[in-house]
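First comes the structure, then the notes that go with it.
Note that the structure is a prediction, hence the values are computed from the model and not measured. Counting from 1, the numbers follow the sequence of the chain as shown.
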Amino acid sequence: MLDTRYPRLLLLGVALLFIATGIGLKDPWPSDEPRFALVAQEMVDSGRWFFPTRGGELYPDKPPLFMWSQAIVLELSGSIRLASALPSLLSALVVLLVVFAAGQRFWNPRVGLLAGLLLLTTPQFVLEARAGQLDMMVTAWIALGFYGFLRHLRDGPDRRWLFVGFAACGFGVITKGVGFLPLLAFLAWPFLRPGTGRSPALLNVRDALVGVLCILGAIALWLIPMLLLVASSGDPAFEAYRDNILFKQTGERYVAPSHHFQPWWYFLGEVIPSLWFPVFVLLPWLVPAWRRAILGGNRTLPLVLAWAALVVLFFTLSPAKRGVYILPALPWICLAAATELDTLVARPGVRRLALAVGGIAATAGFALGVWLSFAEPERAAGLAARYGFNPTPVPWLVALGAGIATFVAWYRSTPVLAYAGTMLSIWLVLGLVIYPGINDY
């Protein structure tokens, strides 16, 4: 189905098509993107990097690492559009490379490639990879941290990767407070099946202490200078910033939040079925296949699945929930799914599903463009007047027509590729035509 002689290059090339197309063609959009972009802009203008401000007011909601990355890009490029989007794009590439590395090491390069490609057809991943928000960056740190712990727990002791995992947790924390999530791997460790060769490793006291120092060392790169500057300033506003970001925005926000309230089933009932497509619809085939693999002695799969389940459970226990919170689990669910993907795509039910979804998406998109262009010119004019965007340009029809052509070319031999090609055409239209077209609105 795929030429895997150069799997990393293939994965990165496809990734750039999905997530880099149209970068820099739109401004940061409300509500979150302008918030971070303006903080980065004020860092550059004021030279005050340890105390982020927005509109001149201190901004204690998030640690500054992501905003530092945006400010650096802004300094180098002078483009607020590029500064807003590039850190998330680069973080998404890191996630893909980490997942590929895990697939290659614990299965084979093809599994790693398929995991990355599956991730690129998942709406939540691509949406966040194209967004000027910090969630993809913290997902990258969490992915690196979990991979480091997986190397140690699965084939350890491997202290180099163990300490990389701990350091990644620290950098994750100064990106967003939940950067410690890789540590849940040690709770998932009992699910690791014994195997031949070196015994699975957990932690001894010395390694645990060094690991804590790695976490604290990464956090200290921001925390110590910030605390020293607060202490020397004597400014009550800086002291309030310190207390807010260290206490209110961490444990208090998790245990006693003030907004984003959702029912306990929110992730399972709303987010996963829609934003984790197509993995979600493959679960009727995946769950029995995973069970057979685990009973057959696969050592890595139960640890990966247990960790991802713990991440979802962790956020389920909090009253506040947003769909993006469980993003760090998605790459590893895609990796688990990729272990069975070659078998699944040959099954008639999966082929029919890929044909149905890809065909409906491609046909509906193209039909909408034709309808607005020729059957409903008045409605098209109304949309243009409201959004400042003409929804009937030739590039839209050309790109959606390419999606139809891709679907027709592969629908018989490889329906899954037909589905992926259709999804790519949709993202190309969004990135090159629709997003720039409605930017002013």
Exam field: side chain [X] to backbone [Y], donor-acceptor pair closer than 3.5 Å:
{"X": "S88", "Y": "A131", "result": "yes"}
{"X": "R130", "Y": "T21", "result": "yes"}
{"X": "Q41", "Y": "I80", "result": "no"}
{"X": "Q70", "Y": "S84", "result": "yes"}
{"X": "T121", "Y": "L118", "result": "yes"}
{"X": "W307", "Y": "L181", "result": "yes"}

Original post:
In chain order, what residues pass the salt bridge (charged side-chain N to carboxylate O under 4.0 Å, His left out) check against R48, with sequence neighbours excluded?
Top reply: none
**OP:** Please list, chain by chain and in numerical order, all residues satisfying salt bridge (charged side-chain N to carboxylate O under 4.0 Å, His left out) with R151, sequence neighbours excluded.
**Re:** D158
Original post:
Quick one: which of W161, F166, F163 gives a ring pair (Phe, Tyr, Trp, His ring centres under 6.0 Å) with F149?
Top reply: F166
Non-neighbouring partners of [X] that pass side-chain contact (heavy atoms from CB on, under 4.5 Å), sequence neighbours left out:
{"X": "A101", "value": "Y147"}
{"X": "A308", "value": "A329, I333"}
{"X": "F280", "value": "I272, P273, L283"}
{"X": "N108", "value": "R110, V111"}

Could you give the distance from [atom1] ([X]) to [atom2] ([Y]), rounded to the nearest 0.5 Å?
{"X": "W290", "Y": "L305", "atom1": "CH2", "atom2": "CG", "answer": "5.0 Å"}
{"X": "L216", "Y": "C169", "atom1": "CG", "atom2": "SG", "answer": "11.5 Å"}
{"X": "L330", "Y": "E128", "atom1": "CG", "atom2": "CD", "answer": "10.5 Å"}
{"X": "M136", "Y": "Q133", "atom1": "CE", "atom2": "CD", "answer": "10.0 Å"}

Do any pairs count as a salt bridge (Lys or Arg N to Asp or Glu O under 4.0 Å) and have a residue in [range], sequence neighbours left out, and if so which ones?
{"range": "residues 17-32", "result": "K26-E33, D27-R81, D32-R35, D32-R322"}
{"range": "residues 63-76", "result": "none"}
{"range": "residues 162-176", "result": "D135-K176"}
{"range": "residues 228-238", "result": "none"}

Subject >> CA sep, side-chain torsions, deciding dist, call: W29, N439, side chain to side chain donor-acceptor pair (under 3.5 Å) >> reply: CA-CA 8 Å; W29 284 0; N439 183 64; 3.0 Å; yes
**OP:** State whether the number of non-hydrogen atoms from other residues, nucleotides or ligands found under 6.0 Å of I224 atom CD1 is greater than 12.
**Re:** no
Original post:
Which residue pairs pass the ring-ring contact (aromatic ring centres under 6.0 Å, His included) test when at least one of the two sits in residues 94-144, sequence neighbours left out?
Top reply: W141-F171
Subject >> Selection residues 274-285 - residue pairs positive for side chain to side chain donor-acceptor pair (under 3.5 Å), sequence neighbours left out >> reply: Q124-W276
